[in-house]
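Have a look at the structure below before the remarks.
Every value quoted in this text rests on a predicted model; they were computed, and no experiment measured them. Both counts, for ligands and for their atoms, begin at 1 and track the order of listing.
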Amino acid sequence: MNTQPIIQLNHISAAYEKKRVLENVDLTVYEKDFLGVIGPNGGGKTTLMKIILGLLAPESGELHFYHNGLEVKEISMGYLPQYSNIDKKFPISVYEVVLSGLNKEKSLFRPFSKEQHEQVRQVIARMGLEGLEKRAIGQLSGGQLQRALLGRALVSDPQVVILDEPNTYIDKRFEAKLYKLLEEINKERAIILVSHDIGTVLQNVKSIACVNGTLDYHPDTEIPAEWLEEHFGCPIELLGHGNLPHRVLKCHHHE
Ligand code: ADP
């Protein structure tokens with residue numbers, strides 16, 4: 001993996017009103033990284049993403065961005081929101097959704113350029129959505145909607161894409177297809193993948209951040225089962241699955 005950092009968080013703390021959610025978090029994301037962000041519900045994963053995306057100001061700490069080894073004010077980021085945050089009734093077509101990913105680069109009073117429309121067509125083809133350009137997002141399957149939104153996140157050619165719980169769009173049958181696509185995307189840019197699905201994440205990412213108020217970073221996916229159990233409060237079992245170790249929750253009952 002490339003060792004040039006692109007995002008660096010130093011001693012970041014975050015709170016809503018008086019409630020502290022993240023405490024003294026350090027994290028470095030590298031070029032072409034594939035970082036999995038896991039942790040229990042309410043642990044602060046989405047809050048961490050909001051800070052990286054600049055949607056929430058940290059209470060304290062520093063956030064730095066780098067491009068080719070030099071510190072810059074910002075880097076380009078694409079974002080795939082959680083399924084539950086999408087208004088499926090919003091009357092917008094697949095083409096318009098992908099095009100909206102270029103809004104930031106459009107000059108205010110000028111229409112999109114020929115080149116920008118060409119970029120949109122290329123992304124639509126890459127996402128396997130040709131023929132569906134005019135379809136309203138409310139009439140797409142979960143997988144098609146996800147690919148349209150992934151197209152929106154990618155069309156501006158960002159340095160990093162952030163995916164918040166992408167498995168909520170699709171059922172298990174399509175998961176392998178999604179990860180194949182992410183593997184391709186990862187050849188060109190870093191990916192940050194937020195998920196509570198530990199097993200799938202560990203099989204696909206290069207490094208892991210476990211977030212539960214604080215953050216534990218693992219430069220690879222060799223996380224001790226004891227750590228996972230302690231932080232998730234659930235017993236986790238390691239299973240052989242093809243060539244890859246596979247972690248699942250053991251049968252258990254919460255108190
Ligand atoms: P995760 O993504 O790991 O489930 P979140 O970052 O969404 O965790 O939430 C962390 C904590 O912050 C939770 O206790 C949640 O209730 C709280 N929280 C999240 N967003 C807000 C908000 N806008 N206002 C107040 N509390 C919030």
Side-chain angles (χ1 to χ4, degrees), residues 7-29 33-63 65 77-88 142 145-146 149-150 152-153 160-170 172 175 178-179 182 190-218 221 223-236 247-249 252 254-255:
I7 302 171
Q8 198 161 28
L9 278 72
N10 294 336
H11 311 303
I12 292 280
S13 294
Y16 295 105
E17 280 119 47
K18 289 264 151 358
K19 188 178 164 224
R20 180 68 63 84
V21 176
L22 292 174
E23 183 90 51
N24 201 19
V25 163
D26 291 323
L27 176 68
T28 306
V29 182
D33 206 343
F34 195 158
L35 174 73
V37 179
I38 59 171
N41 250 333
K45 302 183 293 298
T46 301
T47 303
L48 181 68
M49 292 311 112
K50 281 195 206 158
I51 287 177
I52 292 175
L53 286 160
L55 302 173
L56 179 74
E59 198 184 34
S60 58
E62 290 162 21
L63 183 59
F65 296 109
M77 293 189 248
Y79 179 53
L80 177 81
Q82 276 188 35
Y83 184 73
S84 55
N85 291 342
I86 304 298
D87 180 359
K88 268 82 67 187
L145 176 63
Q146 180 177 59
L149 293 166
L150 197 52
R152 179 180 70 170
V160 53
V161 275
I162 297 181
L163 313 164
D164 199 349
E165 300 283 3
N167 6 23
T168 51
Y169 284 80
I170 43 171
K172 279 272 172 207
E175 211 169 66
L178 168 67
Y179 282 99
L182 294 184
I191 298 180
I192 303 178
L193 170 72
V194 179
S195 178
H196 63 267
D197 184 353
I198 316 168
T200 320
V201 169
L202 291 181
Q203 282 181 65
N204 292 284
V205 301
K206 296 173 180 163
S207 53
I208 293 267
C210 297
V211 178
N212 190 11
T214 55
L215 186 150
D216 277 79
Y217 179 75
H218 303 263
T221 51
I223 304 175
E226 297 75 37
W227 190 97
L228 289 168
E229 296 196 6
E230 189 190 324
H231 286 75
F232 283 82
C234 301
I236 283 152
R247 287 181 170 100
V248 293
L249 288 179
H252 67 286
H254 286 277
E255 297 292 292

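Residue, atom and distance of the protein heavy atom nearest to atom 9 (O) of ligand 1 are T47 OG1, 4.0 Å. With respect to atom 7 (O) of ligand 1, the closest heavy atom belonging to the protein is T46 CB, 3.7 Å. The nearest heavy-atom contact from the protein to atom 27 (C) of ligand 1 is Y16 CD1, 3.2 Å.
Contact record, D26 with L215: O-CD2, 3.5 Å, taken as the closest heavy-atom pair. Nearest heavy atom pair, residue G61 against residue I12, reads C-CD1, 3.8 Å. Here the closest non-hydrogen pair linking N24 and S13 is N-OG, 3.0 Å. The shortest non-hydrogen separation linking K45 to V211 is N-CG1, 4.0 Å.
Formation of a donor-acceptor pair under 3.5 Å by the K50 side chain with backbone atoms of A57 is not found in this model. For D33 (side chain) and A190 (main-chain N/O), no donor-acceptor pair under 3.5 Å exists by modelled atom type.
A heavy-atom distance below 4.5 Å is found between the side chains of E175 and N167.
Residue contact check: N41 has heavy atoms under 4.0 Å from atoms 4 (O) of ligand 1. Each of the atoms 1 (P), 3 (O), 8 (O) of ligand 1 lies under 4.0 Å from some heavy atom of G43.
For the residue pair Y217 / T28, no side-chain donor-acceptor distance below 3.5 Å is found, with atom types taken as modelled.
Taking only nitrogen or oxygen atoms, main chain and side chain alike, K50 does not reach within less than 3.5 Å of ligand 1. For ligand 1, none of its N or O atoms has an N or O atom of V21 under 3.5 Å away.
Counting only non-hydrogen atoms, the option in P40, G42, G213 that gets closest to atom 10 (C) of ligand 1 is G42. The option from Q82, E165, K45, K19 that lies nearest to atom 13 (C) of ligand 1, judged by heavy atoms, is K19.
Residue-ligand proximity: G44 is placed with a non-hydrogen atom under 4.0 Å from ligand 1. Using a 4.0 angstrom heavy-atom cutoff, M49 does not count as in contact with ligand 1.
Contact annotation for E17 and ligand 1: no heavy atom of the residue comes within less than 4.0 Å of the ligand.
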